Protein chains: 2
Amino acid sequence: MSSHGIVLFGHGARDPRWAEPFERLAARLRGSGAPAPHVSLAFLELMTPSLDTAVAAQVAAGCTRITVVPVFFGQGGHVRRDLPQLVDACRAAHPNVEIRCATAVGEDDGVLDAIARYCIDQLGRNA
Amino acid sequence: MSSHGIVLFGHGARDPRWAEPFERLAARLRGSGAPAPHVSLAFLELMTPSLDTAVAAQVAAGCTRITVVPVFFGQGGHVRRDLPQLVDACRAAHPNVEIRCATAVGEDDGVLDAIARYCIDQLGRNA
């Protein structure tokens, strides 16, 4: 059993439908064959669970390494200021667990390429 | 010269660095050879230009068809409620211009696949 968890960290919104792509992303990762059977969502605000709750659940499930991936386009205050504080609190609560934080997904070239392809497809549909 | 414009519509943030992936995305689209030499950014709040300003600039540049792509992961209140109102106002201001609005990029399977790949890569780096 893998002890590696991944937490997809999003902003959160009032409309529950906002979370649908995050749930589809989590389902993809669970079925990807990647070494991460533990995939959780967590939100900064307006939605639950919070990061500390999601991390605590992964630790309770036996995870000894957790990677937090900010599902944000840009790295503004939420990713540069709020998230590190939340991650530090999780590390303090679980000193024996290795908790790492990735760069925001929107900074990844592969993600930007996919968004660019989507935009171009939209132009074609508009013709 | 193509008369087709694309507006990448994002939320906006206080930190100017937040917009960097949007600027990289716009640069990719401008260099993609897609039929869209006119690529603009627009923001809901905290950053400029607003959607109406970006659309007006594209119209002034000769665009007769404009596709607005919401660079959001989920479709919450901003995309479902705020954006249609902004687009309707743009249509009213430019009745001879065809203004279409795409689904949020985060709903696209190709974008979700790219994010999933990025997440899996992060796990590998953590090993």
Side-chain angles (χ1 to χ4, degrees), chain A residues 4 6 8 10-22 24-25 28-29 32-36 39 46 65-67 69 71-81 98 100 102-127, chain B residues 4 6 8 10-22 24-25 28-29 32-36 39 46 65-67 69 71-81 98 100 102-127:
Chain A
H4 201 154
I6 183 166
L8 303 169
H11 185 279
R14 286 183 181 79
D15 189 327
R17 294 172 294 183
W18 184 85
E20 288 170 4
F22 293 82
R24 289 167 59 201
L25 178 60
R28 265 176 169 71
L29 288 168
S32 66
V39 182
L46 301 170
R65 288 192 304 171
I66 296 173
T67 298
V69 179
V71 186
F72 284 71
F73 289 107
Q75 301 214 132
H78 292 324
V79 172
R80 293 180 192 268
R81 186 190 61 237
E98 181 189 353
R100 289 194 51 173
T103 304
V105 303
E107 301 277 348
D108 179 63
D109 281 334
V111 172
L112 287 179
D113 285 342
I115 297 173
R117 278 194 296 274
Y118 173 73
C119 291
I120 292 167
D121 286 349
Q122 297 308 304
L123 293 178
R125 287 179 192 178
N126 214 3
Chain B
H4 201 154
I6 184 165
L8 303 170
H11 185 279
R14 286 181 182 79
D15 188 329
R17 295 172 295 182
W18 184 84
E20 288 170 4
F22 294 81
R24 288 166 60 201
L25 178 59
R28 265 175 171 70
L29 288 167
S32 67
V39 182
L46 302 170
R65 289 191 303 170
I66 296 173
T67 298
V69 178
V71 186
F72 284 73
F73 289 107
Q75 302 216 130
H78 292 323
V79 173
R80 294 180 191 269
R81 187 192 58 238
E98 181 189 352
R100 288 192 52 172
T103 305
V105 303
E107 300 277 349
D108 178 63
D109 281 335
V111 173
L112 286 180
D113 285 342
I115 297 174
R117 278 193 296 273
Y118 173 73
C119 291
I120 292 167
D121 285 349
Q122 297 309 304
L123 293 178
R125 286 179 193 178
N126 214 1

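Since we're looking at a predicted model, the values are computed, not measured. Letters A, B, ... are given to chains in the order of the sequence lines, protein chains preceding strands, and every chain is numbered from 1.
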Specify which of A:Cys119, A:Gly110, A:Gly10 makes the most heavy-atom pairs with chain B at under 4.5 Å. A:Cys119
Is there side-chain contact between A:Arg17 and B:Arg80, with at least one heavy-atom pair below 4.5 Å? yes
Please state whether the side chain, the backbone, both or neither of B:Val71 comes within less than 4.5 Å of a heavy atom of chain A. both
Heavy-atom nearest pair, B:Arg28 first then A:Asp109, reads NH2-OD1, 3.2 Å
Counting N and O atoms only, with roles assigned by atom type, does the side chain of B:Arg65 sit under 3.5 Å from a partner on the main chain of A:Leu123, one being a donor and the other an acceptor? no
When the 4.5 angstrom heavy-atom criterion is applied to B:Val69 and chain A, the contacting part is side chain
For B:Ala19, is it the side chain, the backbone, both, or neither that has a heavy atom closer than 4.5 Å to a heavy atom of chain A? neither
Show your working on side-chain contact (heavy atoms from CB on, under 4.5 Å) between B:Thr103 and A:Tyr118 and close with a plain yes or no. CA-CA 10 Å; B:Thr103 305; A:Tyr118 173 73; 3.5 Å; yes
Is there a donor-acceptor contact under 3.5 Å from the side chain of B:Arg24 to the main chain of A:Glu107? yes
What I'd like to find out is whether the side chain of A:Val105 reaches to under 4.5 Å of the side chain of B:Gln122, using heavy atoms alone. no
Which one, A:Val79, A:Leu8, A:Asp108, leads in non-hydrogen pairs under 4.5 Å with chain B? A:Asp108
Could you check which of B:Ala13, B:Pro16, B:Gly77, B:Ala104 has the highest count of heavy-atom pairs closer than 4.5 Å to chain A? B:Ala104
Between A:Gly74 and B:Pro21, the two heavy atoms sitting closest are CA-CG, 3.8 Å
Candidate pair A:Phe73 and B:Leu25, rule side-chain contact (heavy atoms from CB on, under 4.5 Å), full reasoning: CA-CA 11 Å; A:Phe73 289 107; B:Leu25 178 59; over 6 Å; no
Closest non-hydrogen atoms of A:Ala116 and B:Leu29, given as atom of the first, atom of the second and distance, are O-CD2, 3.6 Å
